[in-house]
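Order of the sequence lines fixes the chain letters, A, B, ..., with proteins taken first and strands second; residue numbering starts at 1 for each chain. Scope of the values below: all heavy atoms of this structure, side chains included, with no hydrogens, waters or symmetry mates.
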There are 2 protein chains.
Amino acid sequence: MPEGRTGQGYSGESLLFLTDEQLRQGIEAMFFAYRGFTADPDRILAEMSYGRAHHRAIHFINRSPGTTVNNLLSILGVTKQSLNRVLRTLIGDGLVISKVGELDKRERHLYLTDQGAALEATLSDAQRARMRAAYKDAGPEAVQGFKKVLEAMMDADMRRAYAKLRD
Amino acid sequence: MPEGRTGQGYSGESLLFLTDEQLRQGIEAMFFAYRGFTADPDRILAEMSYGRAHHRAIHFINRSPGTTVNNLLSILGVTKQSLNRVLRTLIGDGLVISKVGELDKRERHLYLTDQGAALEATLSDAQRARMRAAYKDAGPEAVQGFKKVLEAMMDADMRRAYAKLRD
DNA sequence: TTGGAATGTCAACAACACTGACATAAACTG
DNA sequence: CAGTTTATGTCAGTGTTGTTGACATTCCAA
């Protein structure tokens, strides 16, 4: 490449950072980081025979109180049978309540009870603490890049769901 | 805050970027991005009745040919029973071979067969393609930040394993 | 009224993790 | 050498989370 390569500047980096080795490091970083990301809530959940699925349901119900089952399904990307099993235990345990819709009585609107909100807070606090520490370690510009890459890694439908939650 | 806040510069950001809302966005970004991260290999694996566990084993055996079972266990962070189930099927299907150690005959050293390497390449290609696209979208500085935050999110033992793989 | 959408339930199954227990062989240690 | 530890493998049981398929109910809408 005779034209325009400086070898040390921006253009050199943009050629190098897409090598298979660099990509593999990114892949492995995702793998390990996700383990860390879920480690704290997992520990708490294990004590009450709940799992990640319960956490996810609780998180998004807290995020969007009154959300419908269908809406939750599209966010979580699982089958209704799978979600239903989780919701049934959460409702049975008094962490979630399901209200029949007023406009459309087929729909069930989901809310956290006080007890559900308390668990959500416990789980969130643990996860946010780690996130906060990671953000602090890495610095604000790194966080910008972090979010940018993650968003670029999503499928279009996930990106839509993600954007919707940011309203 | 009378002293030193500009409201638009670096100091303003470093105060704001640790709000619960910002952290929650990061948490949700991780959730959705990880789905995207695994989506392509998952599709391929589903066709051959393999799962993510097989992918992970194949990935790290390819990454460190001759690695022992114990070493793989510490990297993957699962029980030996869980790993053994996966390895048994991979060995039975002719994707992995296990050689008795020469120095220490208790150890089994793991290698991919040609067939195993072929599957690894197929899975890696799919995952790297998405990673490459995300990196391209986000730009080189974003990638730096991405890795920095991910690394800060790991537990100490993961960070050690991750660093070890970068040698 | 017929069709479709939203929801729920039941059954079966698979992947993947866990614990606990036990076996074997090899290596280390006193 | 005897005893212990280490590395690995295996069997049995259990739990969470996901899947498909089938079927029922309720209700809105054309």
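Within the 4.5 Å cutoff, side-chain heavy atoms of B:Tyr162 are placed close to those of B:Met154. With a 4.5 Å cut-off on side-chain heavy atoms, A:Asn71 and A:Lys164 count as touching. Looking at B:Thr38 and B:Arg52, their side chains come closer than 4.5 Å, going by heavy atoms from C-beta outward.
Regarding A:Leu87, its CG atom lies at a distance of 14 Å from the C1' atom of C:dA6, rounded to whole Å. Taking atom CG of residue A:Leu72 and atom P of nucleotide C:dA6, one finds them 15 Å apart after rounding to whole Å. In this structure, the CG atom of B:Leu83 is 10 Å from the P atom of C:dC18, given to the nearest Å. Separating the CG atom of B:Leu90 from the C1' atom of C:dA15 is a distance of 13 Å, rounded to the nearest angstrom. Atom CG in B:Leu110 sits roughly 13 Å away from atom C1' in D:dG9 (whole-Å rounding). Rounding to whole angstrom units, CD of residue B:Glu102 and C1' of D:dA7 are separated by 17 Å. Regarding A:Arg88, its CZ atom lies at a distance of 12 Å from the C1' atom of C:dT7, rounded to whole Å.
If you check every strand for non-hydrogen atoms under 4.0 Å, B:Lys105 touches sugar and phosphate atoms only.
Distances shown here put a side-chain N or O of B:Thr79 below 4.0 Å from the OP1 or OP2 atom of C:dC18. Dashed line: the shortest gap from a side-chain N or O of B:Asn70 to OP1 or OP2 of D:dT8 is under 4.0 Å.
A heavy atom closer than 4.0 Å to some atom of DNA chain C occurs in B:Ser49, B:Gly51, B:Arg52, B:Ala53, B:His54, B:Arg56, these being the qualifying members of residues 31-68 of chain B.
Each of A:Phe37, A:Tyr34, A:Phe32 was evaluated against B:Tyr34; a single residue qualifies, A:Tyr34, per the ring pair (Phe, Tyr, Trp, His ring centres under 6.0 Å) test.
In this structure, B:Asp104 and A:Val78 both approach DNA chain D, and ranking their closest nucleotides by distance from the 5' end singles out B:Asp104. Across the interface with DNA chain C, nearest-nucleotide mapping of A:Arg108 and A:Arg85 shows A:Arg108 to be the residue nearer the 5′ end.
The shortest non-hydrogen separation linking B:Ala134 to A:Val149 is CB-O, 4.0 Å.
For A:Phe60 and B:Phe31, the gap between ring centers is short of 6.0 Å.
For a distance-only test at 3.5 Å, the side chain of B:Gln81 fails to qualify as a donor-acceptor partner of the base of D:dG13. Applying the 3.5 Å distance criterion, the base of C:dA5 shares a donor-acceptor pair with the side chain of A:Arg106.
Salt bridge A:Arg128/A:Asp40: absent, no basic N to carboxylate O contact under 4.0 Å.
In the set D:dT17, C:dT7, D:dT8, the nucleotide with an atom closest to the side chain of B:Lys80 is D:dT8.
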